[in-house]
Amino acid sequence: MSLGTPSARTHPDNRWAVTHAHARAVLVFALAALGAVLTQRPDILLLGAPLGMVALWSAMTRPRTVPETRLVIPASHLREGQWNRAVVGVTTTDHAELTSSSLIGGPHVELDPDRGARTHQVTAADRERGEVHLISRVRADRWGLRRIGPALVGATSPWGAFRWGPVPLEHQVIKVLPDPAVFDTAAPAPHPQGLVGQHRSRRPGDGSEFNTIRPFQWGDRLKRIHWSRSLRTNELHVTSSYADQDTHVAILVDAHYDLGRSVAKEGASSSLDYSVRAAAAVAEHFLHQGDRVSLQVLSARTPLTLPPGTGRRHSQRVLETLSLVQAQPQDQIDPRRIRRGIGPGSLVVMISALVAPAPLAQAALLSRSGLQVVVIDALVDDVQPPGEQDDIARLGWRIRLLEREAELRRVQASGVPVVPWRGPGSLDQVLRSLARHRQGAAR
C-alpha cells in the first residue's frame with residue numbers, strides 16, 4: 001500500500017501539523033514579549049528571544065509536500081525460522097529531517113528490533129537518492145500464511161516543529177514454507193512391476209513400450225516410421241510409445257483436526273505441524289530421488305490437490321501448497337476423489353493424527369484396491385490433548401485413545417503398516433518390508 005491509494009491520501013494525519021513543541025515555543029516567546037512591554041523590562045524579551053528565533057526558523061523551513069511511502073517484503077515466501085526483511089520506503093521532501101516507522105507482527109512472527117521500530121535522520125545522500133529505506137528484520141516461526149504489518153510511518157521537520165503522520169500502511173502476507181530437512185531414509189521405495197522403466201505411463205511420450213500406430217506428424221523421428229503400414233497405405237505412419245516414468249508417491253495429508261498447541265519458541269508442535277512437516281520431508285526425499293510425487297489435503301476448508309510432478313520446481317509447489325493448509329473437519333470423504341490420479345503400483349503415504357476413523361477406513365480401502373499404503377501417525381507423545389484440562393475431558397481423551405489403539409490394530413491386521421513419525425528414518429523398516437513383499441510377489 002502506498003500513499004497513492006485513496007484510503008492513504010484521505011487519512012487525517014496525512015499532512016504536516018504543528019507539534020506541541022513549536023506551539024510552546026511560540027507561546028513562551030509571545031508571553032515574554034508581552035511581559036517585557038507591560039513591565040518595561042527588556043531582559044525578559046532577551047530570555048524569550050532564542051525561542052522566538054527557533055520558532056521563526058521552524059516556520060520558514062516548514063515542509064510543503066507530504067511524502068509518498070510503501071511497505072515492501074522482498075521475498076514472497078520463506079522457510080520456517082528464516083529471517084527476511086520488511087522495507088518501508090519513504091520519499092524525501094524538502095526540510096524533512098527525521099523519519100521513523102514501526103511494524104505490527106502477526107501470530108508466530110518475530111520482529112527485530114522489537115515492534116520493528118526504526119528511526120533515520122535524512123542525509124544529503126538520501127535526498128539525492130530520493131527515498132529513505134527503513135529496514136526491519138522479520139522471522140516466522142511456523143508455516144502458513146503470515147501477516148507482516150500494518151506499519152506506521154511518520155516524519156518531523158527541523159526542531160521538531162512540524163510532524164507528518166503517523167500514516168498506516170496496509171499489511172503484507174507472505175507464505176512461510178514448512179521445513180522439510182528432518183527426514184531421510186536409506187530404504188528404497190517399492191517399485192511396481194512394469195514392462196519398461198519402473199512402470200508404464202498413462203500418457204504417450206518417449207519410451208520403449210509400444211502404444212499404437214498413427215499417421216506421421218511434424219517432429220516425429222524417422223526411426224519410428226512403420227514401413228509396412230506406410231507402403232500399404234501410401235502414407236507415412238509411425239509407431240508411438242508410452243513414456244517411461246518412475247515410482248508415483250501419492251501423499252495424503254489428513255487436515256481434519258489440529259490437536260495441541262504450536263509454540264515455536266518453546267519447541268511445542270501440534271499434530272498438524274507434524275503432519276505438514278512430515279509431508280514436506282517425505283516429498284522432498286522422494287523428489288530428490290527422481291520419483292513423481294502428488295499431494296492431496298483432506299480438509300473441508302482447504303481441499304488442496306497437486307498433480308504428480310518431479311524436479312525442484314515441483315518441490316517448491318509442494319511446499320507452497322502445504323503452507324496453505326488449514327484444519328477443518330469434513331463430513332464425508334469421497335473415495336473417488338482420493339483414488340483419482342493414483343495408478344496401479346503407486347505408493348500411497350497417508351499422514352494423519354488418526355483421531356477420526358475415516359482416514360483409517362480410506363487407507364484400508366486403498367490397500368484393498370491393490371495399492372501399497374503406508375500410514376504415518378502424526379499424534380506423537382508431546383502433542384497435548386484438546387479442550388479444557390478437567391477430569392471429564394481427560395477421561396474422554398483416554399477413552400478415545402483406547403478406541404484409537406483398537407482401530408490401529410484392525411487396520412494393521414488388514415495389511416496396512418502404521419508407523420509413528422519420529423523424524424529421520426521413520427519409514428525405513430516399512431519401505432524395506434514393502435520392497436521385499438514386492439520382490440516375493442514377482443517371484
Side-chain angles (χ1 to χ4, degrees), residues 1-2 5 7-8 69-90 99-120 132-154 165-182 253 255 257-281 284 297 299 301-302 304 316-328 378 382-384:
M1 175 181 176
S2 67
T5 59
S7 58
T69 187
R70 54 182 179 150
L71 174 61
V72 178
I73 310 295
S76 60
H77 57 267
L78 66 155
R79 295 288 180 92
E80 287 180 303
Q82 181 181 358
W83 286 98
N84 194 8
R85 296 183 302 161
V87 182
V88 176
V90 184
T99 305
S100 59
S101 67
S102 64
L103 281 173
I104 299 177
H108 302 284
V109 174
E110 181 181 355
L111 299 175
D112 182 28
D114 189 23
R115 298 184 181 276
R118 289 291 186 185
T119 302
H120 179 78
V132 175
H133 293 163
L134 303 171
I135 302 176
S136 302
R137 301 176 67 205
V138 296
R139 181 178 68 177
D141 296 328
R142 190 177 187 241
W143 56 271
L145 296 178
R146 298 298 162 207
R147 187 182 66 182
I148 308 298
L152 292 176
V153 188
V167 174
L169 300 181
E170 188 176 351
H171 66 272
Q172 302 288 329
V173 178
I174 60 174
K175 289 182 180 180
V176 181
L177 309 182
D179 186 9
V182 294
V253 179
Y257 300 96
D258 187 11
L259 307 178
R261 298 178 58 193
S262 179
V263 184
K265 290 184 179 180
E266 301 177 2
S269 298
S270 65
S271 62
L272 190 59
D273 288 338
Y274 284 112
S275 299
V276 169
R277 290 165 185 162
E284 187 87 358
V297 178
S299 171
R301 193 170 186 180
T302 53
L304 305 171
Q316 186 71 17
R317 287 193 292 268
V318 170
L319 296 179
E320 291 181 0
T321 303
L322 289 173
S323 67
L324 303 176
V325 174
Q326 297 183 19
Q328 184 170 341
D382 60 347
V383 174
Q384 299 298 323

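Since this is a predicted model, take the numbers as computed values, not measurements.
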Checklist entry - What is the minimum heavy-atom distance between Val325 and Ala255, and which atoms define it? => result CG1-CB, 3.6 Å

Checklist entry - What residues, two or more places apart in sequence or in another chain, satisfy side chain to side chain contact (heavy atoms under 4.5 Å, CB included) together with Ile104? => result Pro150

Next on the checklist: Holding to salt bridge (charged side-chain N to carboxylate O under 4.0 Å, His left out), I want the full list of residues that pass it with Arg137, two or more places apart in sequence or in another chain.
Outcome noted: Asp112

Next on the checklist: Please enumerate all residues that pass side chain to side chain contact (heavy atoms under 4.5 Å, CB included) together with Leu111, with sequence neighbours excluded.
Outcome noted: Leu103, Val109, Val138

Checklist entry - Who pairs with Gln326 by side-chain hydrogen bond (donor to acceptor under 3.5 Å, both in side chains), at least two apart in sequence or on another chain? => result Arg301

Checklist entry - Counting distance only, does the side-chain N/O of Ser275 pair as donor-acceptor with the main-chain N or O of Ala378 below 3.5 Å? => result no

Checklist entry - Gly149 and His171: which non-hydrogen atoms are nearest, and at how many Å? => result C-CB, 3.5 Å

Checklist entry - Say you draw a straight line from CG of Leu304 to CG of Leu324; how long is it, rounded to the nearest 0.5 Å? => result 6.0 Å

Checklist entry - Got a second to check how far Ile148's CD1 is from Leu169's CG, nearest 0.5 Å? => result 14.0 Å

Item to check | Any residue meeting side chain to side chain contact (heavy atoms under 4.5 Å, CB included) with Ser270, in chain and number order, not counting sequence neighbours | outcome: Arg142, Asp258, Ser262, Leu272, Asp273

Item to check | Exercise: identify the closest heavy-atom pair between His133 and Gly89 | outcome: CD2-CA, 4.2 Å

Checklist entry - Say you draw a straight line from OH of Tyr257 to CD of Gln328; how long is it, rounded to the nearest 0.5 Å? => result 10.5 Å

Checklist entry - Which is it for Glu320 and Leu177 under the side chain to side chain contact (heavy atoms under 4.5 Å, CB included) test, yes or no, and what are the steps along the way? => result CA-CA 6 Å; Glu320 291 181 0; Leu177 309 182; 3.9 Å; yes

Checklist entry - Can you name the closest pair of heavy atoms from Pro113 and Ala117 and give their distance? => result CG-O, 3.2 Å

Checklist entry - Partners of Gln316 by side-chain hydrogen bond (donor to acceptor under 3.5 Å, both in side chains), sequence neighbours excluded? => result His77

Next on the checklist: Would you compute the distance between atom CZ of Arg85 and atom CD1 of Ile73 and round it to the nearest 0.5 angstrom?
Outcome noted: 10.0 Å

Checklist outcome for this item: Contacts of Arg118 meeting side-chain hydrogen bond (donor to acceptor under 3.5 Å, both in side chains) (sequence neighbours excluded), chain-then-number -> none

Checklist outcome for this item: Here the gap from Asp141 atom CG to His108 atom NE2, rounded to the nearest 0.5 Å, amounts to 8.5 Å

Item to check | Minimum heavy-atom distance Pro178-Arg277, with the two atoms named | outcome: CB-CG, 4.4 Å

Checklist entry - Nearest heavy-atom pair of Ser101 and Leu134: which atoms, and what distance? => result OG-CD1, 3.3 Å

Next on the checklist: Let me confirm one number: the CG-CD distance from Asp179 to Gln82, rounded to the nearest 0.5 Å.
Outcome noted: 9.5 Å

Item to check | side chain to side chain contact (heavy atoms under 4.5 Å, CB included) involving Ala279 - partner list, sequence neighbours excluded | outcome: Ile251, Val253, Leu322, Ile351

